[in-house]
Amino acid sequence: MNIVENFDLYAPRLINKKELLSAGHRACTGCAEVLAVRLMCKALGENTVIASATGCMEIVSSMYPTTAWEVPWIHVAFENAAAVAAGVEAGLAGLRKKGKIDDRYIKVVGMAGDGGTMDIGFQALSGAMERGHDMLFVCFDNEAYMNTGIQRSSGTPMGASTTTAPAGKISSGQKTWKKNMPEIMVAHGVSYVATACPSYPLDFIRKVEKAKSIKGPSYIHCFSVCPTGWRCGSHLAIAMGRLAVESGVFPLYEVENGKYKMSSEMPKKLKPVKDYFKAQGRFRHLGEEEVKTIQHKVESEYQKILDKAKYLKAWD
Amino acid sequence: MNKVLMSGNNIIAEAAIRAGCRFYAGYPITPQNELTEYMAEHMRRADAGVFIQSESEIAAINMIAGASAAGVRVMTSSSSPGISLKQEGISSMAACELPGIIVNIMRGGPGLGNILPAQGDYFQATRGGGHGDYRTIVYGPGTCQELADLTMDAFDLADKYRTPVMILADGMMGQMMEPVIFKKPKPRQYSEKFMLRGAGTGKSKFIRGLLLDPIDSEEHNWKLARKYDVITKNETLHEEHNIEDAQLVIVAYGTAARIAKGAIKRLRDQGMKVGLFRPITLWPFPELKLRALSAKIKNFLVFEMSTGQMLDDVRLALQGYANIEFHGRPGGAVPTPAELANVIARLCDKND
């Protein structure tokens with residue numbers, strides 16, 4: 001078969017058949033996050049060390065004495081996934097340099113939820129990215145602290161009701177806009193930053209493979225639907241992810257050396273965010289005015305990314 | 001006064017709001033989430049009440065330090081691993097003499113351990129936990145009613161001695177529901193001269209914990225030490241249960257003491273004379289009261305949900321005047337009253 005150079009051919013049959021996150025873990029029904037982790041492992045392959053922060057994915061996959069992981073995996077605490085990954089990377093590099101281990105490439109990956117990335121783990125992540133460790137960091141963003149019972153995080157979108165930002169007579173849920181984490185990573189000079197969603201599995205796998213091939217720090221922000229925390233049907237996880245992308249709430253793009261590129265999955269015309277909100281209990285209290293404000297913000301943010309993709313050049 | 005049925009976490013939060021706590025900063029961690037959530041929902045009821053979910057435990061403790069310096073009644077809560085993160089802030093609050101309440105709903109450790117009730121943070125809580133020569137007043141409530149009462153008292157004590165106070169309960173106390181009556185809180189007594197509220201026309205004030213001059217620093221340390229001596233003299237609390245005719249006394253606090261009471265009932269039914277000594281303040285430890293018991297009672301059993309931490313304090317208190325045995329279950333395993341009764345029954349056989 002003749003494959004054109006620089007043309008990535010991806011078909012489901014080319015995806016790694018081996019399961020590196022085995023079945024039988026304890027994730028909720030319809031969890032998109034665990035699906036994303038499974039796809040990530042398929043893309044990374046076996047020569048990987050994963051450092052995981054505390055969170056749903058750690059709890060459901062590693063309940064002692066069982067484990068779902070079939071790749072080397074370490075969990076230390078909540079705030080330090082990036083620091084531990086950086087340590088693993090530096091340690092392996094040192095051993096390799098001295099010839100104590102064989103010279104094969106091992107990708108070190110840090111993974112955390114939105115709280116472990118944007119809130120408590122932010123300092124460690126910023127440090128690791130600034131030092132330029134050869135590692136990938138993946139944020140599985142389900143937009144709140146789901147593991148402890150749906151508390152707000154700085155990844156929670158405006159208007160969402162959580163247990164610590166409850167909607168009621170006085171308040172309409174979360175009062176702040178979602179922290180723009182991919183943009184912060186671009187500002188760190190990280191050579192590969194991408195947003196992804198397991199509702200688009202081929203796109204997600206391709207992005208992880210690309211990050212794997214890059215020497216130096218890379219960051220993937222993976223949007224993971226949580227039916228339990230978002231109060232939507234557990235059969236809707238994939239549909240919700242697609243609606244988030246199609247409405248522009250979570251646009252898919254990648255930034256390679258400062259050059260923005262929209263993913264081919266992005267539609268020409270965005271759907272209204274109303275459609276995305278409809279099936280989710282966490283947005284049920286929102287009135288028309290509030291939805292309009294959010295719609296406006298989503299559009300202006302999306303336009304910003306389009307403009308960047310159009311005008312910004314790659315770094316030298 | 002109305003009796004209400006509430007869970008431990010909610011009781012602490014409600015008692016704090018009633019006691020005049022107007023600033024709460026917290027961060028999610030099981031098994032204390034209900035406390036944070038209760039604050040998120042109910043702090044707005046209070047006049048000028050502020051709830052903030054911080055970005056980490058470190059931020060939460062330092063936020064309450066800031067709010068305390070501004071002159072507000074403050075509280076934060078967490079569970080074991082989160083309290084470890086807060087230690088620098090607690091040490092700093094002790095050094096700066098800032099009042100504040102820290103709630104630790106303990107879970108199994110070390111490391112992240114698990115989310116089940118344990119008592120492995122006794123050393124961390126009573127020995128200071130952070131660095132430097134300081135102490136934290138530590139309450140070990142044993143009932144939900146005590147959670148309510150001691151939370152209110154903790155605020156008064158923190159203001160009186162200008163020091164952080166810790167409420168050391170465990171996951172079981174936090175999740176358990178019991179009827180409580182909230183008492184009427186005392187009005188706050190805290191001088192404005194300790195609050196940072198803009199210099200205005202007066203002299204500007206400082207709050208700091210860094211004293212580079214060794215003589216100044218030494219004097220500050222001795223000043224704190226004198227304060228801790230006063231607290232040790234005046235503020236110890238304990239409970240004695242079935243002690244009058246006891247031949248063996250169990251020393252236990254919090255959830256362990258509740259289990260011990262169940263065991264005592266079983267043992268007394270079988271004719272074994274067993275009592276309970278329950279420290280309510282873990283620091284200052286009711287040392288002299290326990291030592292006084294050793295005049296007539298010669299057998300003590302320390303019972304904890306840890307590998308033996310309060311055991312040290314009991315040894316220091318009894319100074320070899322009596323035999324000390326130990327029974328413990330660490331890491332989130334909760335013993336049953338029957339199990340403890342069996343352990344004690346076997347001990348009594350041996351002693352006979």
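Given the structure is predicted, the values throughout are model-derived calculations rather than measurements. Naming convention: chains lettered A, B, ... in sequence-line order (proteins, then strands); numbering from 1 in each chain.
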Contacts of type ring-ring contact (aromatic ring centres under 6.0 Å, His included), residue A:F283, not counting sequence neighbours: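 Checked A:F283 against ring-ring contact (aromatic ring centres under 6.0 Å, His included); matches are A:F277.
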Side-chain ion pair, B:R258 and B:E178, N-O less than 4.0 Å: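 Here B:R258 pairs with B:E178 in a salt bridge, since their nearest N and O are under 4.0 Å apart.
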For A:G155 against A:M118, the heavy-atom pair lying closest together: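 Minimum heavy-atom separation between A:G155 and A:M118: CA-SD, 3.6 Å.
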Salt bridge (charged side-chain N to carboxylate O under 4.0 Å, His left out) pairs, two or more places apart, involving residues 61-81 of chain B: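 Qualifying pairs: B:R73-B:D156, B:R73-B:D159.
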Chain A contact via B:P28 - which portion, at a heavy-atom distance below 4.5 Å: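 Backbone plus side chain of B:P28, per the 4.5 Å heavy-atom cut-off to chain A.
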Proximity breakdown for B:L85 and chain A, heavy-atom pairs closer than 4.5 Å: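 B:L85 touches chain A through side-chain heavy atoms alone.
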Point-to-point distance, once rounded to the nearest 0.5 Å, from CD1 of B:I12 to CD1 of B:I101: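 It comes to 11.0 Å.
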Spacing of B:M43 atom CE and B:M39 atom CE [to the nearest 0.5 Å]: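 Separation between the atoms: 4.5 Å.
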Would you list the atom pairs in which one atom of chain B and one of chain A form a donor-acceptor pair under 3.5 Å?
unit_1 : atom_1 : unit_2 : atom_2 : d
B:Y27  : OH     : A:Y145 : OH     : 2.8
B:N33  : OD1    : A:Q151 : NE2    : 3.2
B:N33  : ND2    : A:T148 : O      : 2.9
B:E37  : OE2    : A:Q151 : NE2    : 2.8
B:E37  : OE2    : A:T163 : OG1    : 3.2
B:Q53  : OE1    : A:R152 : N      : 3.4
B:Q53  : OE1    : A:T164 : OG1    : 2.4
B:Q53  : NE2    : A:R152 : O      : 2.5
B:E55  : O      : A:I120 : N      : 3.1

Check: residues 63-72 of chain B side-chain donor-acceptor pairs under 3.5 Å, at least two apart:
unit_1 : atom_1 : unit_2 : atom_2 : d
B:S68  : OG     : B:P99  : O      : 2.6

